2 protein chains.
Amino acid sequence: MSVVAPVATAAVDVACLTVAADHRLLVLLAQARGGPFAGWWGLPGRLVRGNEPLDEAAAAELRDHAGLRGCYLEQLYTFGHPARDPRGRVVSVAYLGLIANCGRHPLPPGDERYLALGWRPVSPLPPLAYDHATVVRTAVARLRAKLHYTNLACRLLPGAFTFGELQAVYETVLGRPLDRRNFRKKILALRLLRPLGRTRRGPHRPAALWSFRTRRPVTVTVL
Amino acid sequence: MSVVAPVATAAVDVACLTVAADHRLLVLLAQARGGPFAGWWGLPGRLVRGNEPLDEAAAAELRDHAGLRGCYLEQLYTFGHPARDPRGRVVSVAYLGLIANCGRHPLPPGDERYLALGWRPVSPLPPLAYDHATVVRTAVARLRAKLHYTNLACRLLPGAFTFGELQAVYETVLGRPLDRRNFRKKILALRLLRPLGRTRRGPHRPAALWSFRTRRPVTVTVL
DNA sequence: CCAAAAGTGTTACAAGTACACCCATGA
DNA sequence: TCATGGGTGTACTTGTAACACTTTTGG
């Protein structure tokens, strides 16, 4: 039914995070071709269409502009400061995205909406359009908190990984080193992992390979 | 700037919770006077105006229709299923509200928007308009989770209270009994409370009165 | 003196933290 | 043989859970 002028419009923005091979935490940024922040880097996002769920709008942004499919997405927070978009009142539902192996998914060079796409470190974070710096910081805080009591780390790792790789993901996200023995003990106690029985050979002693029992979101701590 | 037809509009809904004197968890409901759910009970809420922050829209709903001022509010989740509002595409930013002593704030009888207002138990929850039953369940889950690691309980209690009253709030929200000695030990260890040095006299042995050191949101557990 | 809520300590167990050495491999 | 990351156990501390009796008051 018709809604008159002074109302707020809904949009989605996606803060898609990944851990790079060099153990840096990266966020997917896009350089706007037009709009009030033309030429600026920001998060992929757009207005929500009249008949699509929010989750699908977020997934479509990643798929259509970054070529990322099957990315984990969860709703992060809704940002609605009246002045956040100079064009008018836009309420943005922000999503946290997680993906493993950003290096495996080469980004397209750009398209009609974005001049370019790129993975950038979350610290230092370059100046971003709108309130997107706040969104990225919120996304990192959420990921950091949920690492402690969920299996979210599985979304930042490939299907088979070593304990060293798993620990590197935790250390990167948490921003501090962890004791190797205690880390292994704690993770094994959570019973989230399954040994694959295979090893990865490399320049050093071979490491056992593991996978997560399930990639469905699991909360570990009991209330 | 101008946004054409097929876009989503933003609204706010508030799930305001309180613990009644009889130790039931209640939610503030409003009976719609018009709209697609005329006559139904649901959460107070409306479309967001073009120049107001989301938080203020939520606070205004409580203030203008229920007479509640200074209620604690935090953003809960954003519900955006395309079919949630039969009139068209409305994305609803839901807020969790908390207030002490619902009995002290008599509700107005109704107004131009609502036929009536009332505090109703969250279980069993009556049939509600839109997806508001989901919103209420999400609000209860959030409150339940945050009781463990924040000082949110202070928003459900008056400025001075006994340990028995504090424990009753925890037991009501968590839905299970707690050991009195362990509860006191744990709460005191969190150092959130300040003894007032006064006691409350009643039909039994007088109980010491306490207050929270701060009502600002505090997270207790360290990462 | 009775009913009802307030107040208090100890013990057992689980979980978390700190910490050092040997192993297997490729270069 | 060396450099590098993989793999393991123990002692200590901290937190959590179970549990019963005495005190104070009003009626």
Side-chain angles (χ1 to χ4, degrees), chain A residues 19-23 144-145 147-151 153 157-158 160-172 174-211 219-223, chain B residues 19 21-23 144-145 147-150 153 157-158 160-172 174-211 219-223:
Chain A
V19 175
D22 61 359
H23 297 178
R144 195 171 283 176
L147 264 200
H148 289 97
Y149 60 93
T150 66
N151 64 344
L157 286 160
F161 51 87
T162 67
F163 246 98
E165 291 162 345
L166 179 63
Q167 184 171 343
V169 164
Y170 272 79
E171 290 180 334
T172 297
L174 299 180
R176 61 183 160 97
L178 300 171
D179 180 86
R180 195 150 41 97
R181 286 161 293 185
N182 293 337
F183 179 76
R184 173 181 285 254
K185 215 186 318 176
K186 192 178 212 162
I187 294 288
L188 289 179
L190 299 180
R191 323 222 78 228
L192 294 172
L193 300 188
R194 184 208 330 252
L196 292 179
R198 297 181 282 129
T199 58
R200 169 173 304 163
R201 304 184 66 83
H204 308 299
R205 174 174 173 175
L209 287 172
W210 301 77
S211 72
T219 296
V220 179
T221 21
V222 289
L223 297 181
Chain B
V19 175
D22 61 359
H23 297 178
R144 193 171 283 175
L147 264 200
H148 289 96
Y149 60 94
T150 67
L157 286 160
F161 51 88
T162 67
F163 246 98
E165 291 162 344
L166 179 63
Q167 185 171 342
V169 163
Y170 272 80
E171 290 180 334
T172 298
L174 299 180
R176 61 182 160 94
L178 301 171
D179 179 86
R180 194 150 40 97
R181 285 161 292 188
N182 292 337
F183 179 76
R184 173 182 283 254
K185 216 184 320 176
K186 192 180 210 159
I187 294 287
L188 289 178
L190 298 180
R191 324 222 80 228
L192 294 172
L193 300 189
R194 184 207 331 251
L196 292 180
R198 296 181 283 130
T199 58
R200 169 173 304 162
R201 304 184 66 84
H204 308 298
R205 173 172 174 176
L209 287 172
W210 301 79
S211 71
T219 296
V220 178
T221 23
V222 290
L223 298 182

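Every chain is numbered from 1 and lettered A, B, ... according to where its sequence line falls, protein lines coming before strand lines. What you see is a predicted model, and the numbers here were worked out from it, not measured in a lab.
Summarising the geometry, atom CG belonging to A:L188 is positioned 4.0 Å from atom CZ belonging to A:F163; distances are rounded to the nearest 0.5 Å. Expressed to the nearest 0.5 Å, how far CZ of A:R180 lies from NZ of A:K185 amounts to 13.0 Å. Interatomic distance, A:R194 CZ to A:L209 CG, rounded to the nearest 0.5 Å: 13.5 Å. Rounding to the nearest 0.5 angstrom, the gap separating the CG atom in A:L157 from the CG atom in A:N151 is 11.0 Å.
Each of D:dA17, C:dC19, C:dA6 was ranked by its minimum atom distance to the side chain of B:T162; first place goes to C:dA6. Distances were taken from every side-chain heavy atom of B:R205 (C-beta onward) to each of D:dG7, D:dT4, D:dT23; the shortest belongs to D:dT23. Distance from the side chain of B:R184 is smallest to C:dT8 among C:dT8, D:dT23, C:dT25. Closest contact between the side chain of A:N182 and the listed nucleotides C:dA5, C:dT17, D:dG5 involves C:dT17. Out of D:dT16, C:dA5, C:dT25, the shortest distance to the side chain of B:H204 is found at C:dA5. Of all nucleotides listed (D:dT24, D:dG7, C:dG7), D:dT24 comes nearest to the side chain of B:P206. You'll find that the side chain of B:R181 is closest to C:dT8, out of C:dA3, C:dG7, C:dT8. Taking only side-chain atoms of A:R180, from C-beta outward, the nucleotide of C:dC23, C:dC19, C:dA20 with the closest atom is C:dA20.
Each of A:F163 and A:P203 lies near DNA chain D, and the nucleotide nearest A:P203 is the one positioned closer to the 5' end. When each of A:G202 and A:D179 is assigned the nucleotide of DNA chain C with its nearest heavy atom, A:D179 is the one assigned upstream, toward the 5' end.
If you measure from atom CZ of A:F183 to atom C1' of D:dG7, you get 14 Å, rounded to the nearest angstrom. The nearest whole Å value for the distance from the NE2 atom in A:H148 to the C1' atom in C:dA15 is 15 Å. One can place NZ of A:K186 at 18 Å from C1' of D:dG9, the figure rounded to the nearest angstrom. Whole-Å rounding puts the B:L178 CG to D:dA17 P distance at 10 Å. Rounded to whole Å, atom P of D:dG15 lies 15 Å from atom CD1 of B:I187. Spacing between atom CG of A:L188 and atom C1' of C:dA15 amounts to 15 Å, rounded to whole angstrom units. Atom NE2 in A:H23 sits roughly 10 Å away from atom P in D:dG5 (whole-Å rounding).
In this structure, A:A189 reaches neither bases nor backbone, as no heavy-atom distance under 4.0 Å exists between it and the strands shown. Counting any heavy atom pair closer than 4.0 Å across all strands shown, A:R201 reaches sugar-phosphate atoms only and no base atom.
Looking at A:K185, its side chain comes within 3.5 Å of the base of D:dT10 through a donor and an acceptor atom.
The side-chain contact (heavy atoms from CB on, under 4.5 Å) test with B:L178 is passed by exactly one of B:K186, B:E171, B:R184: B:E171.
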